[in-house]
Amino acid sequence: MRSKIVAGNWKMNKTLEQTETLLAELSAKLPDTDAEVMVSPTYVNLTGAVRSLESSKIEVIAQNMHFAESGAYTGEISAEMLLNIGVDTAIIGHSERRAYFGETDEILAKKVVAALAKGIRVMFCFGEELEDRQSGKHFKLVESQLRNALFSLDASAWSKIILAYEPVWAIGTGETASPEQAQEMHAFIRKTIGEAYNTALANGVSILYGGSVKPANAEEIFSKPDVDGGLIGGASLVADDFVAIIKAI
Ligand code: PGA
């Protein structure tokens, strides 16, 4: 179901103590909102975060997961392990996983299928690099990322998919897609899903924008009709900034 979502991707930041401090601050300052609010601490702090947020509406989600059920995959985490500690949503396909850890569309398709098979909700990230945009290939690229990882899914699976469009050139760079660029791409994404499935399904998918969202630009980006919220990196590490972004939705 299409809902408003603000999610913080903490990446490889915050020790356990720092995680607890930030979560306590966020819980205390959390504004009243209909939006879903999510945070994604690093793996080792997920259990602690789930415990800290037991009586909070803030949801804890994972930054990644492996496609195999279990076995000889040193350093990896399975869907079952996440569910077992009370985490039922995972980010899959973040551009840093694609760029630094060799995650291809093919691997991501396997992860999506594995997550959904276990009932894990998927926050699927995708987006073009600067060269793609400069050479006018960004729509084609985004379409292929969606097609390769998601368009073989049954329509019923889409109730557990959240999309996060994150142009790589805007991640951690301070450069943001303009609200118009974000809206243009989000509308394209919705149209592409509508063509692959149907309009009702496309209208039901939450599509988040990610890439240097800050308190100063959040409201304008979120005001666009096809932007259903944000996946926030840097600004989610500072309670007041994240809270201001939640207020903006
Ligand atoms: P950023 O990161 O907000 O620091 O640009 C966004 C993301 O990587 O999800």
Side-chain angles (χ1 to χ4, degrees), residues 4-14 18-19 22 26 35-43 45-46 49 58-65 87 89-103 108 111-112 115 121-130 132-133 138 141-142 145-146 149 161-179 181-183 185-186 189 205-222 224 227-249:
K4 300 274 180 200
I5 299 171
V6 179
N9 175 10
W10 292 8
K11 310 190 179 183
M12 197 173 73
N13 292 294
K14 305 284 177 192
Q18 292 165 342
T19 297
L22 179 52
L26 283 178
E36 290 186 60
V37 178
M38 306 173 178
V39 291
S40 189
T42 182
Y43 276 134
N45 294 328
L46 286 178
I58 303 174
E59 192 189 332
V60 178
I61 70 173
Q63 295 178 17
N64 181 27
M65 59 158 266
V87 173
T89 302
I91 298 173
I92 291 181
H94 192 278
S95 64
E96 287 146 20
R97 299 293 318 170
R98 295 175 190 256
Y100 308 143
F101 303 98
E103 296 196 2
L108 298 174
K111 289 188 174 206
V112 169
R121 191 155 62 143
V122 170
M123 184 181 289
F124 185 76
C125 302
F126 56 99
E128 81 282 0
E129 310 223 9
L130 188 58
D132 302 316
R133 186 164 276 267
H138 46 303
L141 193 274
V142 159
Q145 288 175 323
L146 291 172
I161 303 273
I162 300 160
L163 297 180
Y165 166 62
E166 299 203 301
V168 178
W169 48 272
I171 295 179
T173 56
E175 196 150 329
T176 326
S178 68
Q181 283 173 321
Q183 168 57 26
M185 184 57 91
H186 283 225
I189 292 162
V205 179
S206 296
I207 309 176
L208 316 185
Y209 169 79
S212 298
V213 177
K214 303 273 183 277
N217 59 24
E219 196 168 334
E220 216 191 330
I221 295 172
F222 294 164
K224 295 295 175 192
V227 178
D228 301 307
L231 179 56
I232 321 298
S236 72
L237 297 171
V238 178
D240 286 339
D241 287 355
F242 195 52
V243 165
I245 292 170
I246 296 166
K247 283 184 182 153
I249 204 148

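Each ligand, and each atom within it, is numbered from 1 in the order the structure gives. Any value given below was found using the heavy atoms of this structure, including those in side chains, with hydrogens, waters and symmetry copies removed. Residue numbers start at 1 and run along the sequence shown.
Shown here are the side-chain hydrogen bond (donor to acceptor under 3.5 Å, both in side chains) partners of Q63, two or more places apart in sequence or in another chain: there are none. Every residue was checked against the ring-ring contact (aromatic ring centres under 6.0 Å, His included) condition with F242, not counting sequence neighbours, and none meets it.
Under a 4.0 angstrom heavy-atom cut-off, K11 registers as being in contact with ligand 1. Ligand 1 does not have G210 within reach: every non-hydrogen atom of the residue lies 4.0 Å or more from it.
Residue contact check: G172 has heavy atoms under 4.0 Å from atoms 1 (P), 4 (O), 5 (O) of ligand 1. Counting the atoms of ligand 1 from 1 in the order shown, those under 4.0 Å from a heavy atom of S212 are 1 (P), 3 (O), 5 (O). Remark: ligand 1 atoms within the under-4.0 Å shell around heavy atoms of G211 are 5 (O). Close contacts between ligand 1 and A170 involve ligand atoms 5 (O) [criterion: under 4.0 Å to a heavy atom]. For ligand 1, the atoms closer than 4.0 angstrom to any heavy atom of H94 are 7 (C), 8 (O), 9 (O). Close contacts between ligand 1 and G234 involve ligand atoms 1 (P), 3 (O), 4 (O) [criterion: under 4.0 Å to a heavy atom]. Interface of N9 with ligand 1, defined as ligand atoms under 4.0 Å from a residue heavy atom, comprises 9 (O). Taking every heavy atom of E166 and a limit of under 4.0 angstrom, the matching atoms of ligand 1 come to 6 (C), 7 (C), 8 (O), 9 (O).
Using a cut-off of 4.0 Å between Lys/Arg side-chain N and Asp/Glu carboxylate O, E129 and R98 are scored as not salt-bridged.
The CD1 atom of I92 sits 7.5 Å away from atom CG of L108, with the distance rounded to the nearest 0.5 Å.
What you find for V213 and F222 is that their closest heavy atoms are CG1-CZ, 4.3 Å.
In this structure, T42 contributes its side chain and M12 its backbone to no donor-acceptor pair below 3.5 Å. Here the side chain of T176 pairs no donor or acceptor atom with the backbone of S178 at under 3.5 angstrom.
Side-chain contact, S40 with N9: no donor N or O sits under 3.5 Å from an acceptor N or O.
Atom 3 (O) of ligand 1 has as its closest protein heavy atom G233 N, 2.9 Å.
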